[in-house]
Amino acid sequence: MSNFKAIFDTYNWDTTLKSIFDKTTADVKNALEKEKLNLEDFKALISPAGKPFLEEMAQKSQRITKNKFGNTIQMYAPMYLSNECQNICTYCGFSITNKIPRRTLTDAEILKEVTFLKKKGYDHILLVTGEANKTVGIDYINNAIELIRSKFSNITIEVQPLDQKEYELLIESGLYAVLVYQETYHREAYKKHHPKGKKSNFDYRLDTPDRLGKAEIHKIGLGALFGLEDWRADSFFTALHLQYLQKKYWKTKYSISFPRLRPHSGGLEPKVTMTDADLVQLICAFRLLDENLELSISTRESERFRNHIVHLGITSISAESKTNPGGYSVAPQSLEQFEISDERSTEEVVEMLKNNNLEVVWKDWEQFEKV
Amino acid sequence: MNEKLEIADKKFTSRLFTGTGKFSSSKLMKESLLASESELITVALKRVDIKNEEDDILSHLNDPRINLLPNTSGVRTAKEAIFAAELSREALETNWVKLEIHPDPRYLLPDPIETLKAAEELVKLGFVVMPYIHADPVLCKRLEQVGVQCVMPLGAPIGSNKGLKTQEFLEIIIEQSNVPVIVDAGIGAPSHAAFAMELGADAVLVNTAIAVSKNPVQMAKAFKIAVKAGRMAYEAKLAPISQKAEASSPLTSFLN
Ligand code: SF4
């Protein structure tokens with residue numbers, strides 16, 4: 001198989017969804033007893049039949065995570081560099097149709113934000129932009145990485161999908177990881193939510209992790225945006241994507257994120273609600289599927305939810321996030337991409353983690369290469 | 001009883017080496033390490049800020065009883081490993097390095113080819129090289145030839161706590177080796193550690209089993225005792241295992 005699309009195209013959304021709903025109590029019990037789970041077991045764990053086994057799943061997930069990652073949680077912070085975007089995404093505040101003031105940080109402004117985040121202790125950073133190739137294209141991103149690479153051990157980006165060559169260039173400049181969420185694996189729904197701009201090309205996005213794998217990136221983050229379509233089917237396709245990538249690009253590490261739709265300017269109501277219990281079920285299912293997987297939770301989730309989820313399988317979290325360019329120190333009032341939910345300061349989140357007997361890990365990577 | 005273990009120019013009373021990852025706090029890490037009485041403690045370079053003396057982990061390890069063994073965990077190639085080792089030699093003032101090259105981020109299985117390449121180069125650069133490897137007897141001999149000071153074969157995948165899954169190969173390695181054999185990875189219980197020592201391993205390295213237990217300090221002590229017991233048993237020479245009953249005097253002597 002040359003790329004994931006070839007595998008993906010052999011699946012049908014509706015039959016996949018039905019096969020998840022058809023899972024029985026016996027399938028769930030069987031999955032819970034196994035040490036190595038396959039994708040059919042994963043389906044059982046995320047199925048409605050899995051729901052009564054939530055506590056058992058959580059116990060197992062906690063045990064496995066603790067064994068693998070110890071009593072630790074990694075901290076990272078997002079840094080929005082720009083809210084310029086040429087796309088329409090129905091769920092996003094930066095969508096081109098939203099009449100908001102646009103802003104792209106200058107070098108000096110980036111460094112000002114960096115100073116703020118370094119003071120808070122962050123060493124892992126996630127750079128975020130919209131998709132505006134003229135202003136925040138590859139040159140802008142490359143410049144930003146070169147500008148801050150000596151200040152952070154770990155630089156991750158969440159920007160528009162790029163070509164393999166462009167990824168290679170960024171890796172050379174010090175890039176560690178790329179997060180690229182498919183948003184939804186439902187082709188028609190994808191089209192509906194991305195009617196205009198480069199992002200409307202479903203296949204190009206689907207192929208992005210393959211390009212990253214070929215570029216030998218250190219880590220790829222996958223995920224779906226929950227709320228657009230049925231979360232169970234979207235999660236299954238995420239898992240399918242993950243397992244394909246793991247076999248093919250075995251030198252790369254993988255992480256999964258679990259973004260649920262959040263309120264934003266021009267708001268879209270979720271088509272499907274994913275409850276807290278659903279999300280716990282999913283996080284535990286991913287942990288049971290793969291004990292080595294990094295699982296991340298952002299400040300989209302509530303304080304209460306995050307206080308509990310840190311024990312159930314999660315390995316990294318952000319805190320005090322601002323989802324607007326310059327939000328930390330340059331332009332605190334500019335418009336956010338979406339509202340965050342857990343508004344606690346970094347210090348408060350760290351305190352919470354310590355009270356939960358978890359060691360806060362600020363640094364877990366270093367680029368050991370001569371430059 | 002309990003001979004000292006010699007690696008390069010150092011003599012160790014304790015044959016239990018420990019790691020620093022996965023503890024719920026640096027304070028607990030230090031208490032556990034001291035309770036283990038381990039004299040060689042490995043620390044992941046990627047986890048610490050080696051240029052910063054106030055780094056939370058490093059500052060807790062700043063103790064005369066603790067020898068630091070920096071490890072190169074996280075690197076994928078020989079080139080990166082050599083660079084990491086050079087950085088740590090400069091910053092931590094030690095030429096000891098635990099060479100870990102695992103391009104596979106899931107099971108952290110070591111790359112034998114890159115490891116051999118890096119080991120050869122690092123020995124030339126004057127390092128005391130302790131390579132983390134699969135339990136591969138031939139690779140151990142090749143590493144010995146290029147001048148490493150010990151070999152560190154795995155008992156089971158890192159962090160799995162599964163014990164000595166590679167026992168058959170460890171036995172061959174121990175039998176053939178001219179350098180100390182330190183069983184690394186997979187040891188999940190004091191009984192596993194004692195067993196490795198009974199087999200004739202020169203030392204064991206334990207991290208997860210201590211860090212992740214309910215009471216790391218007590219577990220560290222348990223490992224300390226188990227390793228000592230296993231070594232004592234090895235030195236005392238275990239009685240042979242036999243399926244058949246053996247009569248204390250020959251049954252056929254009446255024929256003479
Ligand atoms: S989700 Fe990304 S691509 Fe879509 S509108 Fe928002 S910033 Fe632009």
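The sequence lines fix the lettering, A, B, ..., with proteins before strands; numbering per chain opens at 1. Note that the coordinates shown come from a computational prediction; the quantities given were computed from them, not determined experimentally.
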Handout entry: Portion of B/A211 that has a non-hydrogen atom of chain A nearer than 4.5 angstrom
Key = backbone
Handout entry: Short N-O contact, A/K219 and A/E294, less than 4.0 angstrom
Key = yes
Completion exercise
Residue set satisfying side chain to side chain contact (heavy atoms under 4.5 Å, CB included) with A/T252, at least two apart, ordered chain then number -> A/I217, A/I220, A/Y249, A/Y254
Problem - Flag if over 12 foreign heavy atoms under 6.0 Å of NZ, A/K119 - result: no
Exercise for the section: Evaluate whether atom CD of B/Q218 has more than 12 neighbouring non-hydrogen atoms of other residues, nucleotides or ligands under 6.0 angstrom away. Expected result: no
Problem - Ionic contact status for A/K363 with B/D49, cut-off 4.0 Å - result: no
Practice task
Please determine, among A/K253, A/K251, A/E366, the option with the most heavy-atom pairs under 4.5 Å with chain B.
Solution key: A/K251
Practice task
Please flag which part of B/N207 lies under 4.5 Å from any non-hydrogen atom of chain A: side chain, backbone, both or neither.
Solution key: neither
Completion exercise
Hits for ring pair (Phe, Tyr, Trp, His ring centres under 6.0 Å) against A/H124, two or more places apart or cross-chain, chain-then-number order -> none
Fill in the blank from the handout: Paired with B/L154, the side-chain contact (heavy atoms from CB on, under 4.5 Å) test is passed by just one of B/D184, B/T166, B/L164, B/I133, namely B/T166
Practice task
Give me the contact list for residues 96-112 of chain B versus chain A, heavy atoms only, anything under 4.5 Å, ordered by residue number.
Solution key: B/P103, B/D104, B/P105, B/R106, B/Y107
Exercise for the section: Residue by residue, scan residues 17-36 of chain B and write down, ordered by number, those that have a heavy-atom distance under 4.5 Å to chain A; if none do, write 'none'. Expected result: B/K22, B/F23, B/S24, B/S25, B/S26
Problem - Test: A/R149 and A/E146 ion pair at under 4.0 Å - result: no
Practice task
For the pair A/Y176 and A/H218, name the ring-plane relationship: parallel under 30°, tilted 30 to 60°, perpendicular over 60°.
Solution key: parallel
Completion exercise
Given the options A/K68, A/K66, A/K36, A/E291 meets salt bridge (charged side-chain N to carboxylate O under 4.0 Å, His left out) only with A/K68
Completion exercise
Between the CD1 atom in A/I317 and the OG atom in A/S296, the distance rounded to the nearest 0.5 Å is 9.0 Å
